[in-house]
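Structure record follows, encoded as structure tokens.
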There are 2 protein chains.
Amino acid sequence: MVDAPAQVRPGGRSAKVRAAVHHAVAQLLAEEPAEALTIPAVAARAGVHPTTVYRRWGSAAQLLGDVATSRFSGDVVVPDTGTLAGDLERWLGDVATDLTDPDTLALMRATIGSGPEGGCACIGDRHEQLSAMIERERSRGGRTPEVESAVDFLLGPLYYRAIFSAQPASSDWARELVATFLAASEALA
Amino acid sequence: MVDAPAQVRPGGRSAKVRAAVHHAVAQLLAEEPAEALTIPAVAARAGVHPTTVYRRWGSAAQLLGDVATSRFSGDVVVPDTGTLAGDLERWLGDVATDLTDPDTLALMRATIGSGPEGGCACIGDRHEQLSAMIERERSRGGRTPEVESAVDFLLGPLYYRAIFSAQPASSDWARELVATFLAASEALA
DNA sequence: CCACTAACGCAGCGATCGGTGCGATAATTT
DNA sequence: AAATTATCGCACCGATCGCTGCGTTAGTGG
């Protein structure tokens, strides 16, 4: 995918166009079905000439990937409550809340459908955030579960419900998920 | 791939067209990116006139949903090994093997991206199959986990890896997943 | 302040997509 | 076997999509 912040000329104009186009993509996906996300439509909504979009992003798939990576990076802050349980509950609750928004889900679905790397773009820095919290607990001396199993049993159910289930997962449910995961990994250790 | 005979006129011709179109969709998704899945392209690949596809399915999204529900229904048989652990390991291993195929993943991704109900179409009858195995064990007198948590902790990680992760989940990994899930749900009961 | 050049807007061009009216074909019924 | 009707193929038509030279605008460095 195309790296956005590596623009050669980040002066006001390029950044403004980029922001407008990103906003237009999110807006269009929130209203129309994903197949209506065409370059001329995005350009018209953004108040930008289609040529600009064609030249900077090339295809709708690359544009979607760019929007997704921007959208799902730096959107959730890693908390520091002092305990791993507190950190995870707070963090996964925030992630779940984020996934409650139908427009966010629409962006995720469209990005997944845009190509094989679409899913990875939607994860953003979730794995690093999770790893950071677990690593911090480990440096505090606590016995921690593996990052891999945390991904499987925390992000797995959450994103599965978001994508494959009709009703999205609530923040409270995410917190319960953390509790049962920690209890189970403690019981099996 | 099982043909769903819910057609008004299931005589040889309609069924043949339907099968050809379904096959063409899977074939195109395996080769080209998802945005190339246009009705004329599908019709040409299927050796069918575009008008036919337009009239029977209307849009590419509906066609994708139809293909996905057919593809992900009746593809995995519910085993009967005598124990819940055996059944689940066998079944989830088969599901994981199915998800190993890149073409299957491409179909899933495209279907998810086609609309809000796309994800549900990819699940097919997984939930019913899971529920059937657990219900059977319950009728045998065993203490069983909840169907809901089985969905969360078995299908969740499996489909999460398939969609959001780069490396697909192996059948062996799926079997380990079943083992740890059953052990955890036993320990927490 | 001025040259330089990246980024953008404009006009326009094939190509193809989605859709419709009408006749032909084949499955089903009587 | 004849009638009926669902289904398909053909020809065709706007609309619009993806894309390309070319001139213009506006950030950037000397």
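Everything numeric in this text was worked out from a predicted model, so none of it was measured. Numbers restart at 1 for each chain; the letters A, B, ... are given by sequence-line order, proteins then strands.
Atom P of nucleotide C:dA26 and atom NZ of B:Lys16 are separated by 13 Å, given to the nearest angstrom. Rounded to whole Å, atom P of C:dC17 lies 11 Å from atom CG of B:Leu37. Taking atom OH of A:Tyr54 as the reference point, atom C1' of C:dA15 lies 12 Å away to the nearest angstrom. We find that CD of A:Glu35 is positioned 10 Å from P of C:dG19, with the value rounded to whole Å. Spacing between atom CZ of B:Arg18 and atom P of D:dC8 amounts to 11 Å, rounded to whole angstrom units. In this entry the distance linking NE2 of A:His49 with C1' of D:dG23 reads 13 Å, nearest Å. Put simply, CD1 on B:Ile39 is 18 Å from P on D:dT16, counting in whole angstrom units.
Looking at A:Arg109 and B:Ser114, their side chains never bring a donor and an acceptor atom within 3.5 Å of each other.
Look at A:Thr38 and you'll find a side-chain N or O under 4.0 angstrom from OP1 or OP2 of D:dG18. Between A:Arg56 and C:dC8 there is a side-chain N or O to OP1 or OP2 distance below 4.0 Å. Distances shorter than 4.0 Å separate none of the side-chain N or O atoms of A:Ser59 from OP1 or OP2 on D:dG18.
Ring geometry for B:Tyr159 against A:Phe164 counts as perpendicular: the plane angle is over 60°, on a 0 to 90° scale with 30° as the lower cut.
With hydrogens and angles ignored, no donor-acceptor pair under 3.5 angstrom links the side chain of A:Ser14 to the base of C:dC8. A donor and an acceptor atom sit less than 3.5 Å apart, one in the side chain of B:Thr51 and one in the base of D:dC10. For A:Arg55 against D:dG21, a side-chain N or O and a base N or O form a donor-acceptor pair under 3.5 Å.
Backbone-only engagement by B:Thr52 is indicated by non-hydrogen atom pairs under 4.0 Å involving sugar-phosphate atoms exclusively.
Note that B:Arg161 lies in the cation-pi zone of B:Trp173, set by a 6.0 Å cut-off to the ring centre and a 45° limit from the axis.
Judged by distance alone, the side chain of B:Arg143 and the main-chain N or O of B:Glu186 form no donor-acceptor pair under 3.5 Å.
Dense packing is recorded around CD of A:Gln27, with more than 12 heavy atoms of other residues, nucleotides or ligands lying under 6.0 Å away.
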